[in-house]
2 protein chains.
Amino acid sequence: MNRDDLIPIPFVFEEPCPIRDVLDRIGDQWSLLILEVLAHGTMRFSQLERAIGDISKQMLSKTLRRLEEDGFVRRTLYPQVPPRVEYQLTDLGRSFLVPMKNLIAWANANHGAIRDARGDYRARGADR
Amino acid sequence: MNRDDLIPIPFVFEEPCPIRDVLDRIGDQWSLLILEVLAHGTMRFSQLERAIGDISKQMLSKTLRRLEEDGFVRRTLYPQVPPRVEYQLTDLGRSFLVPMKNLIAWANANHGAIRDARGDYRARGADR
DNA sequence: CGGTATCCAGGCCGATACTG
DNA sequence: CAGTATCGGCCTGGATACCG
């Protein structure tokens, strides 16, 4: 066995790995978008639906429940007829958006470079 | 929470949205893990395979090609028999890991809170 | 050694219909 | 209003076999 094989095992191998656990949630189609919208304040189900525009009720419901389950969002039911349900970020949800903002800033700053890289990749592929 | 903590929505609706574009890559099963491992230095295909342990050749190959396509990783082929291929982070890949480390730190710090929230959620669910 | 081709299972997600 | 139930397409990712 070569020395090169003795790679120090990074924390991403922890069981369960925290960052992978987190990415499994916000890496999906809608979670980040919903957290972003909720950063503006408390909103009702139908408000979220309209604010996002192209999300189905099912995915909005499922995603909100997962975010609630993980403690990012608090759901408040007012037992009226018709029912009124409000969603708001928890402290955990708000604190998550702090490091996330850095990543978003990076993405905005480097999106052009990524798109250029894709163009280069395809151009090189055309040579083959 | 004061007004300045509020994050403006607009950029998540950009077409195409940079952060969603980025998350589509590193939000998958293996990308972040591979970037982490490559942060330790240049590695060959089979080294990556052994370092990660439970990744299939297919997924390692696919993921590396996507990372290469997006400019996070550089692939170097040495035309020998048997072939030798080395992978290393590009400047873009390394710069990505900077904001990513903040998010990882958050995940590590708050993983307990998330797991607690899941426990609470299930406990409340048992009442229903 | 460093991949690709093929098959397959499971989950994500949209569309639609229905409900308290 | 705020969901749930059901169906179905698509994509991800695992296992395996094959190849230069």
Side-chain angles (χ1 to χ4, degrees), chain A residues 1-2 4-5 12 17 20-34 37-38 42-70 73-88 121 124-125 128, chain B residues 16-17 20-34 37-38 42-70 73-88 121 124-125 128:
Chain A
M1 183 162 175
N2 192 305
D4 293 336
D5 292 332
V12 283
C17 166
R20 295 187 62 74
D21 205 5
V22 168
L23 283 179
D24 276 349
R25 301 296 162 134
I26 57 91
D28 73 358
Q29 186 106 44
W30 300 110
S31 292
L32 182 60
L33 209 51
I34 291 173
V37 173
L38 282 178
T42 300
M43 295 185 76
R44 299 181 61 171
F45 187 89
S46 53
Q47 279 183 292
L48 286 166
E49 210 175 349
R50 281 191 300 272
I52 297 174
D54 60 340
I55 190 172
S56 68
K57 286 178 164 193
Q58 189 189 48
M59 285 316 297
L60 181 55
S61 175
K62 277 188 182 177
T63 308
L64 282 169
R65 261 183 285 116
R66 273 209 303 243
L67 291 173
E68 187 197 0
E69 184 181 350
D70 281 5
V73 164
R74 180 165 33 250
R75 178 182 183 270
T76 309
L77 166 67
Y78 300 90
Q80 312 169 352
V81 178
R84 174 187 184 86
V85 181
E86 287 186 351
Y87 294 91
Q88 58 188 307
Y121 186 86
R124 278 182 289 126
R128 293 192 282 244
Chain B
C17 166
R20 296 187 61 74
D21 205 6
V22 168
L23 282 180
D24 275 351
R25 301 296 161 137
I26 58 92
D28 73 357
Q29 186 104 46
W30 299 111
S31 292
L32 181 61
L33 209 50
I34 291 173
V37 172
L38 283 178
T42 298
M43 294 185 75
R44 300 180 61 170
F45 186 89
S46 51
Q47 280 183 291
L48 286 166
E49 209 174 349
R50 282 189 300 272
I52 296 174
D54 60 340
I55 190 173
S56 68
K57 284 179 164 192
Q58 190 189 47
M59 285 316 298
L60 181 56
S61 176
K62 276 188 183 177
T63 308
L64 282 169
R65 258 183 287 116
R66 274 210 302 245
L67 291 173
E68 186 196 1
E69 184 181 350
D70 281 6
V73 163
R74 180 165 33 250
R75 177 182 184 271
T76 310
L77 165 67
Y78 299 91
Q80 314 170 351
V81 178
R84 174 187 184 86
V85 180
E86 286 185 350
Y87 293 92
Q88 58 189 307
Y121 186 85
R124 279 182 289 125
R128 293 192 278 243

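Chain letters run A, B, ... following the sequence lines, proteins first and then strands; every chain starts at 1.
- Side-chain contact between Ile55(A) and Leu33(A): absent, with no pair of heavy atoms (C-beta onward) separated by less than 4.5 Å.
- For the side chain to side chain donor-acceptor pair (under 3.5 Å) test, residues two or more places apart in sequence or in another chain that qualify with Ser31(B) are Asp28(B).
- By the side chain to side chain donor-acceptor pair (under 3.5 Å) test, Ser61(A) pairs with Arg65(A), sequence neighbours left out.
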Worksheet item: Can you give the dot-bracket line for DNA chain C, using ( ) for pairs inside the strand, [ ] for pairs that cross earlier ones, | for pairs with another strand and . for unpaired bases, where Watson-Crick and G-U count if both distances are under 3.5 Å?
Response: ||||||||||||||||||||
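- The stretch residues 57-65 of chain B touches DNA chain C through Lys57(B), Gln58(B), Ser61(B), Arg65(B), each having a heavy atom under 4.0 angstrom from the strand.
- For Val22(A), the side-chain contact (heavy atoms from CB on, under 4.5 Å) criterion is met by Ile26(A), Phe96(A), Trp106(B), Ala107(B), Ile114(B), not counting sequence neighbours.
- Annotation: side-chain contact (heavy atoms from CB on, under 4.5 Å) contacts of Asp21(A) (sequence neighbours excluded): His111(B), Arg118(B).
- The shortest side-chain heavy-atom distance between Ile34(B) and Leu32(B) does not fall under the 4.5 Å cut-off.
- At a threshold of 4.5 Å between non-hydrogen side-chain atoms, the residues Leu67(B) and Tyr87(B) do not count as touching.
- Contacts of Arg74(A) classified as side chain to side chain donor-acceptor pair (under 3.5 Å), with partners at least two apart in sequence or in another chain: none.
- At a threshold of 4.5 Å between non-hydrogen side-chain atoms, the residues Trp30(B) and Asp54(B) count as touching.
- Side-chain contact between Arg75(B) and Val73(B) is absent, with no heavy-atom pair separated by less than 4.5 Å.
- Taking every nucleotide of DNA chain C with any atom under 4.0 Å from a non-hydrogen atom of chain B, the first and last of them, 5' to 3', are dC1(C) to dT6(C).
- Shown here are the side-chain contact (heavy atoms from CB on, under 4.5 Å) partners of Arg84(B), two or more places apart in sequence or in another chain: Arg44(B), Tyr78(B), Gln80(B), Glu86(B).
- Among the protein residues, Tyr87(A) comes within range of the sugar-phosphate backbone only, with heavy atoms under 4.0 Å from sugar or phosphate atoms but none that close to a base.
- Take Glu49(B) and apply the salt bridge (charged side-chain N to carboxylate O under 4.0 Å, His left out) test, not counting sequence neighbours, and it matches no residue.
- Reading DNA chain D from its 5' end, the first and the last nucleotide to sit under 4.0 Å from a heavy atom of chain B are dG13(D) to dG20(D).
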